[in-house]
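Here is the naming used below: chain letters follow the sequence lines, and residue numbers restart at 1 for every chain.
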Amino acid sequence: MEYKFQEIEARWKQYWKDNQTYKVSNDTSKQKCYVLDMFPYPSGAGLHVGHPLGYIATDIYSRYKRLKGFNVLHPMGFDAFGLPAEQYAIQTGQHPATTTEVNIARYMEQLDAIGFDYDWSREVRTSDPKYYQFTQWIFIQLFHSYYNNAAQQAEPITDLVATFAKEGNIKTNAASGKISTFTAEEWNTYSEKQQQEILMEYRLAYLKYGDVNWCPALGTVLANDEVKDGVSERGGHPVVKKSMRQWFLRITAYAQRLLDGLDTVDFAESLKEQQRNWIGRSEGASVQFNVVGRDEKIEVFTTRPDTIFGATFLVLAPEHLMVAEISTNIAAIEEYKAYVQSRSERDRQADVKTVSGAFTGAYAHNPFTGENVPIWIAEYVLMGYGTGAIMAVPSDDDRDNAFATKFGLPIIDVIDKSDHPGATRSDKLGKMINSGFLDGLEVPAAISLMCRKVEEMGIGKGRVNYRMRDAGFSRQRYWGEPFPVIYKDEMPYTLPEKELPVNLPDVESFKPTGDGDSPLARNTDWVNHPDGPRETDTMPGYAGSSWYFLRYMDPQNGGFFVGKEAVDYWQDVDLYVGGAEHAVGHLLYSRFWHKFFFDKGWVPTQEPYKKLVNQGMIQGRSNFVYRIQGTNEFVSLELKDQYETTALHVDVNIVENDVLDTEAFRNWLEEYADAEFILDNSKYVCGWEVEKMSKSKWNVVNPDIVIEKYGADTFRMYEMFLGPIEQSKPWITNGLDGVHKFLRKFWRLFYTENGLEISDEAPTPAELKVLHRTIKKIQDDVERLSFNTCISAFMIATNELTDLKCRKRAILKELTILLAPFAPHIAEELWQNALGENGTVVYAPFPKFDESVLVESNFNYPVSINGKVRATIDFPLDYTEDQVKPEVLANEQVQKWLEGKDPKKFIFVKGRIINLVI
RNA sequence: GCCCUGGUGGUGGAAUCGGUAGACACGCAGGACUUAAAAUCCUGUGAGCAGCAAUGUUCGUGCGGGUUCAAGUCCCGCCCGGGGUACCA
């Protein structure tokens with residue numbers, strides 16, 4: 001009897017549906033296990049073979065945990081707001097809600113085809129008003145909170161108001177923007193607007209001015225992704241920075257907790273490192289420099305206060321507020337600022353070859369050398385970091401050095417590094433020289449002495465700085481969550497909860513308004529709220545994805561974003577799998593939100609994810625055809641160099657083994673209908689390249705085709721067989737046949753041409769050994785998420801049992817359970833129809849591993865001589881070095897290499913190796 | 001530029017703790033069955049050298065150094081690919 005996967009898979013999909021096999025209840029009598037995937041953005045290209053890599057891994061893990069007796073939550077949903085749907089809407093006029101709906105339906109179909117164990121009744125989608133009413137509600141809570149630095153937690157802004165009315169802000173220790181101190185009396189005389197402006201500096205969600213990529217020609221704000229080389233990707237129009245009033249979240253208040261929290265979670269060390277670097281904690285000092293001849297002071301942040309005697313000039317970010325005030329070189333400064341405006345922040349940091357800047361004409365007084373040092377502006381100083389101003393020490397900083405060299409500014413050596421050969425300029429090593437009272441000190445001592453000194457002098461203080469900046473939370477777009485905010489007297493006020501959700505209104509056109517407002521501004525009926533005009537920006541993509549995993553715990557709760565009972569049971573995510581591209585963005589934002597929720601007492605844990613694994617990216621393997629320029633003639637790969645050609649992407653679905661189906665090519669796109677071909681060996685061979693899988697590169701492979709041809713079980717196992725999930729790799733179908741063959745071979749352990757043949761005989765020791773070795777391997781490897789090695793363990797077991805002609809129920813039953821997480825359809829078929837078990841295999845008990853079956857008494861020792869294996873000799877495992885040595889030395893091969901001499905060294909590692917040094 | 005990460009046969013990969021490099025597959029070559037094909041099964045397969053052969057031997061985990069009895073694995077320096085770099089998701 002043959003393995004008819006199509007029939008089998010259809011049957012059990014229906015069975016699981018009819019029996020609601022995957023329905024998850026908040027059953028508190030069982031131990032919970034929460035397994036989570038990063039939910040997908042439903043793109044128009046459909047789910048491609050890269051998406052399921054992580055999903056299959058978590059599906060296997062969740063099914064495995066279920067066999068182990070856990071109550072497993074493994075949900076799925078959709079990150080449904082986003083830019084592509086909006087761009088598609090602009091092109092076609094179709095409402096993003098409509099296309100998103102269609103795309104989600106397609107995704108769900110594709111996901112179901114793979115046979116995942118999702119409980120769809122728990123599905124969330126971020127664009128659903130029932131969901132985003134809570135995203136809006138959370139925003140309101142952030143708005144009405146501030147961060148108490150002393151208590152290290154978020155607290156209600158009303159507490160702050162009460163404090164201000166009583167004692168002003170003199171004693172307030174809170175995360176804030178720039179704010180001067182005021183007394184209670186002053187506070188009480190402030191107008192409502194003035195008070196609101198002050199509170200804005202403390203709120204966790206607040207308004208301030210920030211730069212956006214502005215494209216005047218398109219009349220719209222562009223995402224970084226839409227800007228290439230300083231011009232818009234569409235149309236190639238110039239892009240400049242423009243300052244706009246926007247929402248921000250005060251994530252910097254949580255910087256230290258986000259950093260400390262990393263020590264408590266099980267993430268890959270590399271990922272923690274990325275987050276640490278992103279947060280970028282550095283200790284240093286802020287120091288004030290007086291501007292010569294003026295009343296102004298410039299505050300710089302430096303991690304190297306020890307080098308201040310070598311500070312021969314100051315550099316301000318071109319955007320620094322002081323620039324306009326102090327500049328006398330106005331023309332040069334304006335010209336330079338115009339240049340910087342056209343440069344992206346990334347270019348400014350990445351481009352170290354171009355050294356550029358402009359002299360303001362002003363000088364500052366170096367409080368230690370007493371010299372007047374020139375004040376420059378340069379693009380390498382960023383307004384968002386530190387104070388937006390640095391003291392330049394060309395002797396100990398590479399960029400300062402390049403700058404000084406280019407502009408002929410003085411360089412004073414302040415550190416003697418002669419005791420540290422090989423130390424680079426910025427290493428904190430060496431002895432101070434030319435530095436007054438610091439001379440002779442080692443760098444670390446000089447740093448702390450200088451910190452004390454500037455504090456004594458009242459011109460600065462030791463300070464911790466974070467590279468991380470507050471998170472921009474406004475988008476001038478349509479397809480996102482509207483803010484629950486109206487304005488009165490230019491200050492924002494949140495709408496009452498009963499007005500939630502603030503539904504995304506219809507608009508006449510999704511096109512940009514031309515003046516930077518979001519398309520929502522077009523709907524004036526909607527904008528004109530009785531209490532004041534509404535905020536027309538929308539929230540960014542990460543708003544909805546910062547808390548979605550909590551919603552799965554309690555998806556129908558209409559009153560609160562997640563019920564206490566539900567979250568007390570499910571707690572946090574035990575295993576989270578997703579792409580490394582989210583390492584700092586989504587993962588940091590959601591950790592921040594979660595800590596805020598914790599502060600408010602809504603969740604029981606400080607961290608949302610216990611364990612996190614990054615899956616690698618499945619890259620596409622693009623194919624190319626070569627068109628002879630100016631013709632519609634295409635030349636095969638080997639012959640292309642004889643012509644002037646243009647390489648063009650060709651749909652990989654009409655190419656097999658790099659050979660183009662020329663007929664299909666003519667039918668593919670209209671422009672190729674009359675294509676001619678120059679063949680090589682009567683074949684058209686395409687070129688290829690590994691690239692990111694994307695619609696525009698025509699290299700998207702959908703799982704549907706594979707599933708149709710081989711079945712979902714083969715697809716699942718093949719994706720796992722490709723390699724470790726953390727690793728990126730191109731999609732190649734080379735091994736598909738092998739995996740499919742394995743399933744057929746497994747099937748033949750149950751069925752022959754004569755039909756079902758299972759014996760009830762007792763298994764032999766050899767057969768038991770195969771089984772228990774496999775149980776152990778699968779158990780260990782699933783726990784460490786090494787799924788590719790599981791597949792080969794299954795193959796080995798199946799090959800061995802085939803050789804042993806084993807058809808015994810006792811063995812096959814256990815193996816079927818082991819296989820069930822990987823290939824659930826065939827396992828269910830074999831479980832219920834071949835083995836005749838009652839009920840589903842999904843909740844069967846995981847086989848118990850019996851170590852005694854595997855105990856070996858002997859080990860075949862490799863005997864190496866000078867590190868090269870020359871012989872193997874079998875010894876009992878309990879033998880000691882003394883028992884082994886005589887026989888090893890007497891061995892014929894060993895004798896040959898010893899040439900009569902005694903070995904210099906005899907190394908015996910029990911159960912591993914014997915090594916002789918001669 | 002900066003941060004993170006990867007590089008092992010013709011291909012995907014295995015080697016979990018510094019201990020027999022290449023498990024398991026794909027592909028390829030040869031063979032069995034078959035009118036033929038599919039399916040299935042068997043044998044071989046890192047490279048070089050010697051040998052009719054069994055086998056022996058040298059080299060071999062991106063490149064160059066180092067530590068060690070022993071290095072794919074640890075350390076230093078380099079080359080190349082991938083991801084992120086704050087409005088793609």
Side-chain angles (χ1 to χ4, degrees), chain A residues 2 38-41 43 79 81-84 87 212-213 221-227 246 268-278 280 345-353 380 384 399 422 467-477 540-542 545 579-586 588-589 614 616-617 619 690 692 718 721-724 726-730 732-739 741-742 744-745 748 780-781 784 786 788-789 791-796 799 860-872 903-907 909 911-917:
Chain A
E2 242 181 281
M38 288 184 190
F39 61 167
Y41 173 78
S43 132
D79 188 12
F81 278 130
L83 200 51
Q87 278 166 347
V212 294
N213 301 312
V221 176
L222 295 176
N224 288 335
D225 223 43
E226 301 173 289
V227 183
Q246 309 179 74
E269 200 47 45
S270 63
L271 184 116
K272 290 186 183 181
E273 200 56 28
Q274 276 184 78
Q275 293 209 356
R276 285 188 194 113
N277 290 332
W278 182 269
E345 199 167 288
R346 180 128 20 121
D347 287 340
R348 284 171 61 173
Q349 289 170 91
D351 187 356
V352 290
K353 289 186 193 108
Y380 77 90
R399 280 174 315 183
R467 201 184 67 99
M468 181 168 68
R469 305 197 294 260
D470 281 341
F473 201 66
S474 285
R475 302 292 182 264
Q476 294 69 40
R477 303 186 192 282
Y542 69 83
S545 61
E581 65 272 22
H582 298 288
V584 282
H586 158 63
L588 212 51
Y589 295 134
N614 281 133
M617 182 175 282
Q619 293 146 322
V690 171
K692 198 168 177 161
Y718 180 61
F721 192 57
L722 269 177
E726 307 94 323
Q727 207 162 294
S728 286
K729 56 230 147 187
I732 302 172
T733 53
N734 282 349
L736 254 173
D737 279 319
V739 172
K741 267 193 234 170
F742 152 72
R744 279 204 305 254
K745 199 164 179 179
R748 287 202 305 274
D780 290 355
D781 285 5
R784 69 187 178 103
S786 174
N788 55 329
T789 50
I791 312 293
S792 69
F794 280 124
M795 289 174 170
I796 292 167
N799 290 344
N860 197 24
Y861 280 91
V863 178
S864 71
I865 291 160
N866 288 342
K868 283 195 179 16
V869 177
R870 300 297 179 186
T872 56
K904 281 192 199 133
K905 233 176 188 176
F906 189 94
I907 292 140
V909 186
R912 280 208 184 271
I913 203 165
I914 296 163
N915 191 20
L916 279 73
V917 185

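Picking from rA89(B), rA39(B), rC24(B) the nucleotide with the shortest atom distance to the side chain of Phe721(A) gives rC24(B). Here the side chain of Gln727(A) is nearest to one of rG83(B), rA86(B), rG13(B), namely rG13(B). Side chain of His582(A), nearest nucleotide from rA89(B), rU20(B), rC88(B): rA89(B). For Arg748(A), the listed nucleotide lying nearest its side chain is rC41(B); candidates were rC41(B), rC3(B), rC69(B). In this structure, of rC3(B), rC24(B), rC69(B), it is rC24(B) that holds the atom nearest to the side chain of Met795(A). Of the candidates rG12(B), rA89(B), rG1(B), rG1(B) carries the atom nearest the Ala350(A) side chain, counting heavy atoms from C-beta on. The side chain of Ala223(A) sits closest to rC87(B) out of rU20(B), rG84(B), rC87(B). Of the candidate nucleotides rA86(B), rG83(B), rG13(B), rG83(B) has the atom lying nearest to any side-chain atom of Met617(A). Side-chain proximity of Lys745(A) to the nucleotides rC41(B), rG27(B), rU40(B) is greatest for rC41(B). Proximity note for Tyr41(A) (side chain, C-beta onward) versus rA89(B), rC59(B), rA86(B): the nearest is rA89(B).
The 5' end of RNA chain B is approached more closely, in terms of each residue's nearest nucleotide, by Asp351(A) than by the other of Pro540(A) and Asp351(A). Nearest-nucleotide mapping onto RNA chain B: of Gly735(A) and Gly867(A), the residue sitting toward the 5' end is Gly735(A).
What separates CG of Leu588(A) from P of rC3(B) is a distance of 18 Å, to the nearest Å. Rounded to whole angstrom, the span from the NE2 atom of His586(A) across to the P atom of rG84(B) amounts to 15 Å. Spacing between atom CG of Leu722(A) and atom C1' of rG13(B) amounts to 10 Å, rounded to whole angstrom units. Atom OH in Tyr542(A) sits roughly 18 Å away from atom P in rG84(B) (whole-Å rounding). Rounded to whole angstrom, the span from the CD atom of Glu345(A) across to the P atom of rC2(B) amounts to 17 Å. Between the C1' atom of rC4(B) and the CG atom of Leu271(A) lies a distance of 9 Å, rounded to the nearest Å. Rounded to an integer number of Å, the gap from CD1 of Ile796(A) to P of rG13(B) is 18 Å. Atom CD1 of Ile913(A) and atom C1' of rA21(B) are 12 Å apart (whole Å).
A donor atom on one side chain and an acceptor atom on the other are not found under 3.5 Å apart for Thr789(A) and Ser792(A). For Lys905(A) and Asn915(A), the side-chain atoms include no donor-acceptor pair closer than 3.5 Å.
Residues Leu588(A) and Trp278(A) are in side-chain contact: their nearest non-hydrogen atoms beyond the backbone lie under 4.5 Å apart.
Taking the six-membered ring where the residue is Trp, the centroids of Tyr542(A) and Phe473(A) are separated by under 6.0 Å.
If you check distances only, the side chain of Glu269(A) never reaches the base of rC4(B) with a donor-acceptor pair under 3.5 Å.
Put simply, Asn224(A) has a side-chain N or O that comes within less than 4.0 Å of OP1 or OP2 on rA86(B). The side chain of Gln619(A) contributes no N or O atom lying less than 4.0 Å from OP1 or OP2 of rG82(B). Considering only side-chain N and O atoms, Asn866(A) lies nowhere under 4.0 angstrom from the phosphate OP1 or OP2 of rC69(B). Checking the phosphate oxygens (OP1, OP2) of rC87(B), no side-chain nitrogen or oxygen of Arg477(A) falls inside 4.0 Å. Proximity of Lys868(A) to the phosphate of rC69(B): no side-chain N or O atom is located under 4.0 Å from OP1 or OP2.
As judged by a 4.0 angstrom heavy-atom cut-off over every strand, Val584(A) is placed among residues touching the sugar-phosphate backbone only. Base contact: Gln476(A) has a heavy atom under 4.0 Å from a base atom. At the heavy-atom level, Gly82(A) lies under 4.0 Å from the strands shown only through sugar-phosphate atoms. At the heavy-atom level, Pro724(A) lies under 4.0 Å from the strands shown only through sugar-phosphate atoms.
Here the separation of rG9(B) from rU45(B), taken at their C1' atoms, is 10 Å to the nearest Å. Here, rU34(B) and rA54(B) have their C1' atoms 35 Å apart, quoted to the whole Å. On the C1' atoms, rU16(B) is 42 Å away from rC87(B), given to the nearest whole Å. Distance check on atom C1': rU8(B) versus rC63(B) gives 15 Å, rounded to whole Å.
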Listed pairs, N/O of protein and of nucleotides 15-18 of chain B, under 3.5 Å:
residue : atom : partner   : partner atom : Å
rA15(B) : OP1  : Arg784(A) : NH2          : 3.4
rU16(B) : O2   : Arg784(A) : NE           : 3.4
rU16(B) : N3   : Arg784(A) : NH2          : 3.3
rU16(B) : O4   : Lys777(A) : NZ           : 2.6

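Salt-bridge check for Arg784(A) with Asp781(A): passed, with a basic side-chain N closer than 4.0 Å to an acidic carboxylate O.
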